J.: 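Encoded as structure tokens, here's the structure I'll be asking about.
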Amino acid sequence: MNHERSSFLFRQAQAVIPGGVNSPVRAFKSVGADPLFIKKGSGSHIYDEDGNAFIDYVGSWGPMIVGHCHPDIITAVQDTMTSGASFGAPTERETTLANMVIDAVPSIEMVRMVSSGTEATMSAIRLARGYTGRDKILKFSGCYHGHADSLLVKAGSGAATFGVPDSPGVPAEVARLTLTAEFNSLDSVRKLVAENRSSIACIIVEPVAGNMGTVLPREGFLEGLREICTNEGIVLIFDEVMSGFRVAYGGVQELYGVTPDMTTLGKIIGGGLPVGAFGGKREIMEKLSPSGGVYQAGTLSGNPLAMSAGIATLNILKQPGFYEALEEKSRAVAEGIAAAAGKAGYPIYSTRVGSMFCAFFSKGEVHDWPTASQCDTKAFAKYFLAMLDEGVYLAPSQFETAFVSAAHSESDIEKTIAAAARCFKLIA
Ligand code: KE4
């Protein structure tokens, strides 16, 4: 497959954009290849600058759940554009989308729009700190919540319970306030809570983890977090930037029946335009400026274009049968790939929740970061590049999630499974 123009464009980009990309994971570093420059998308496909076509399982890392260039979204954005992209003043569309989010997400009584998932989680943490008067936060290894300083933190080594920076530029003093537990380990949470009693403002978790590959919560894990937070006066934040409106219209909290105090959203609610949101109990949200003292702001927050794309997207998602049809396609492709791997003599550990799925190159079960990090990333890279040659565009990292859209056809899924069968044979 010819990638000449993409490589030429990548070199041009590298001269003026750090690493040649505006977000690191796009650089294909962990798979050892130049990234493809995408010219256009349509439905379940994307087309690169060399004219190659790909069945797309990245979907812009989650937003494109209805597929690329959906006519309803194009019309909504075009119509809005003719009356103005942004005013920096309230518009009715913001209230319309707010009401749609409130109607959909069990935990949300009030919601604030922002422009990215990072802004949503950063703001939710500040609000939890302002609401509780506490400074520490608790997150989980392997979970990613965007790049705010407090969240680019890993567990301190040895007995140290305080966090250490996970990136240069994050001050040690900031990192010390972030505690890190193990996903699916309530014991690790209880230990940190006991050692930091009455000083933890919030626990933030991806209720279905999507940033170490797709890792499911074990039975009782989310319920246990809910109980700990209720008993300790800790704000429970579900970071559903990826899973919100993805695994169900009401997200993981609808699917698993566990209601957090706050929820962060992004991706799908913007329909491909920049939107993030954080919402929750009225008594917490009313602490936010200008009704309360916790400051948060944004020039383009809730801008009409992004709101119209989000409204159009959610209007498609709430159609009867949308998630049932997506569930069927997602089951077929995830199970088909796993079966192909087994048949080729290269068993993988396959996970899926709704239209989020992952093939872990691991012989054992994956239920947290320590088990996910044992995967054979070299074998994954070979598989990824072989699938790319077959016209299947997966996330360029073992530690990401694949997404199915409503636009994926039966033929797309059959082609994907057949391609996987050939690729697993190559690497077995
Ligand atoms: P953004 O700031 O990238 O909009 O959202 C950050 C974020 C927050 N919470 C969760 C659960 C997320 O998955 C994300 C972003 N996800 C990554 C994909 N692993 C975005 C891709 C990228 O970084 O380019």
Side-chain angles (χ1 to χ4, degrees), residues 13 17-31 35-36 38 56-65 105 112-125 137 139-153 166-167 183 202-217 222 237-247 251-253 260 262-279 296 298 300-301 306 309-310 353-358 369 372 384 393-403:
I17 301 171
V21 291
N22 284 309
S23 196
V25 73
R26 302 178 192 171
F28 275 31
K29 265 193 179 278
S30 60
V31 293
L36 302 184
I38 305 305
D56 179 17
Y57 288 98
V58 176
S60 180
W61 305 93
M64 311 318 290
I65 191 171
V105 184
R112 168 66 56 90
M113 298 295 168
V114 291
S115 297
S116 72
T118 292
E119 265 196 279
T121 57
M122 173 182 75
S123 310
I125 282 165
I137 68 169
K139 66 183 284 287
F140 295 86
S141 62
C143 285
Y144 175 70
H145 305 289
H147 61 87
D149 281 356
S150 291
L151 294 163
L152 289 183
V153 175
D166 206 7
S167 161
F183 191 76
C202 62
I203 291 179
I204 184 167
V205 66
E206 290 183 68
V208 165
N211 287 287
M212 50 176 141
T214 312
V215 177
L216 280 60
L222 298 179
I237 301 174
F238 275 10
D239 178 356
E240 296 220 47
V241 165
M242 185 186 285
S243 58
F245 294 96
R246 167 59 66 175
V247 300
V252 170
Q253 55 199 271
M262 288 175 73
T263 299
T264 53
L265 297 167
K267 297 181 192 275
I268 287 173
I269 61 167
L273 271 66
V275 178
F278 60 108
Q296 184 276 331
L300 294 173
S301 296
V353 179
S355 53
M356 291 171 64
F357 71 96
C358 181
W369 176 242
F384 169 84
Y393 191 82
L394 298 169
S397 162
Q398 166 69 90
F399 308 117
E400 294 290 352
T401 287
F403 300 100

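Counting begins at 1 with the first residue of the sequence. Keep in mind that the numbers below use all heavy atoms, side chains included, and drop hydrogens, waters and symmetry copies. No experiment lies behind these values; they were computed from the predicted model shown. Both ligands and their constituent atoms are indexed starting at 1 by order of listing.
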J.: Would you say Lys267 has any N or O atom under 3.5 Å from an N or O of ligand 1, going by distance alone?
T.: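 N/O-N/O distance below 3.5 Å exists for this pair.
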
J.: Heavy atom under 4.0 Å from ligand 1: found in Glu240's side chain, backbone, both, or neither?
T.: neither

J.: Decide whether an N or O pair under 3.5 Å exists between Glu400 and ligand 1.
T.: yes

J.: Begin from the C-alpha positions of Trp369 and Phe399 and carry the test ring pair (Phe, Tyr, Trp, His ring centres under 6.0 Å) through to its verdict.
T.: CA-CA 10 Å; Trp369 176 242; Phe399 308 117; 4.9 Å; yes

J.: Show me which atoms of ligand 1 lie under 4.0 Å from any heavy atom of Gly146.
T.: 6 (C), 7 (C), 8 (C)

J.: May I ask you to list the atoms of ligand 1 that are less than 4.0 angstrom from any heavy atom of His145?
T.: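 Here the atoms of ligand 1 in question are 8 (C), 9 (N).
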
J.: Identify the protein heavy atom lying closest to atom 2 (O) of ligand 1, giving its residue, its atom name and the separation to 0.1 Å.
T.: Thr118 OG1, 2.7 Å

J.: What do you reckon, does Asp239 have a nitrogen or oxygen under 3.5 Å from a nitrogen or oxygen of ligand 1?
T.: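 Asp239 vs ligand 1: N/O contact under 3.5 Å present.
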
J.: Could any protein non-hydrogen atom be found less than 4.0 Å from atom 9 (N) of ligand 1?
T.: yes

J.: Could you report the tightest heavy-atom contact between Glu206 and Phe183, atom names first, then the distance?
T.: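 Minimum heavy-atom separation between Glu206 and Phe183: O-CE1, 3.3 Å.
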
J.: Tell me the contacting part of Asn211 for ligand 1: side chain, backbone, both, or neither, using a 4.0 Å heavy-atom threshold, strictly below.
T.: side chain

J.: List the atom of Ala372, the atom of Met212, and the distance in Å for their closest heavy-atom pair.
T.: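 Nearest heavy atoms, Ala372 then Met212: CB-O, 3.8 Å.
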
J.: For atom 21 (C) of ligand 1, what's the nearest protein heavy-atom neighbour? Residue, atom name and distance, please.
T.: Trp61 CG, 3.7 Å

J.: Considering the heavy atoms of Val25, write down every atom of ligand 1 situated less than 4.0 Å from one of them.
T.: 22 (C), 24 (O)

J.: As an exercise, state the distance from NZ of Lys139 to CG of Leu151, rounded to the nearest 0.5 Å.
T.: 7.0 Å

J.: Please check this pair: side chain of Lys29 against backbone of Pro24, looking for a donor-acceptor N/O pair closer than 3.5 Å.
T.: no

J.: Answer yes if the side chains of Thr121 and Asp239 hold a donor-acceptor pair under 3.5 Å, and no otherwise.
T.: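 No, Asp239 and Thr121 have no side-chain donor paired with an acceptor closer than 3.5 Å.
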
J.: Mark up the atoms of ligand 1 that fall under 4.0 Å of a heavy atom belonging to Ser23, in ascending order.
T.: 22 (C), 23 (O), 24 (O)

J.: Would you say Gly117 has any N or O atom under 3.5 Å from an N or O of ligand 1, going by distance alone?
T.: yes

J.: Is it true that a side-chain atom of Arg246 and a backbone atom of Gly62 form a donor plus acceptor pair closer than 3.5 Å?
T.: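 Present.
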
J.: Between Ser30 (side chain only) and Pro396 (backbone N and O only), is there a donor and an acceptor less than 3.5 Å apart?
T.: yes

J.: Counting distance only, does the side-chain N/O of Ser243 pair as donor-acceptor with the main-chain N or O of Val208 below 3.5 Å?
T.: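 Checked: no pair found.
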
J.: May I ask whether Glu119 places a heavy atom under 4.0 Å from ligand 1?
T.: no

J.: Whether the side chain of Ser116 engages the backbone of Glu119 through a donor-acceptor N/O pair (distance < 3.5 Å, no angle test) should be reported.
T.: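 Present.
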
J.: Regarding ligand 1, does Thr121 bring an N or O atom to under 3.5 Å of one of the ligand's N or O atoms?
T.: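 Thr121 vs ligand 1: no N/O contact under 3.5 Å.
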
J.: For ligand 1, which atoms sit closer than 4.0 Å to a heavy atom of Ser116?
T.: 2 (O), 4 (O)

J.: Just jot down the ligand 1 atoms closer than 4.0 angstrom to any heavy atom of Glu206, in number order.
T.: 11 (C)

J.: Donor-acceptor pair, distance only, cut-off 3.5 Å: does the side chain of Glu240 make one with the backbone of Pro207?
T.: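 No: the side chain of Glu240 does not pair with the backbone of Pro207.
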
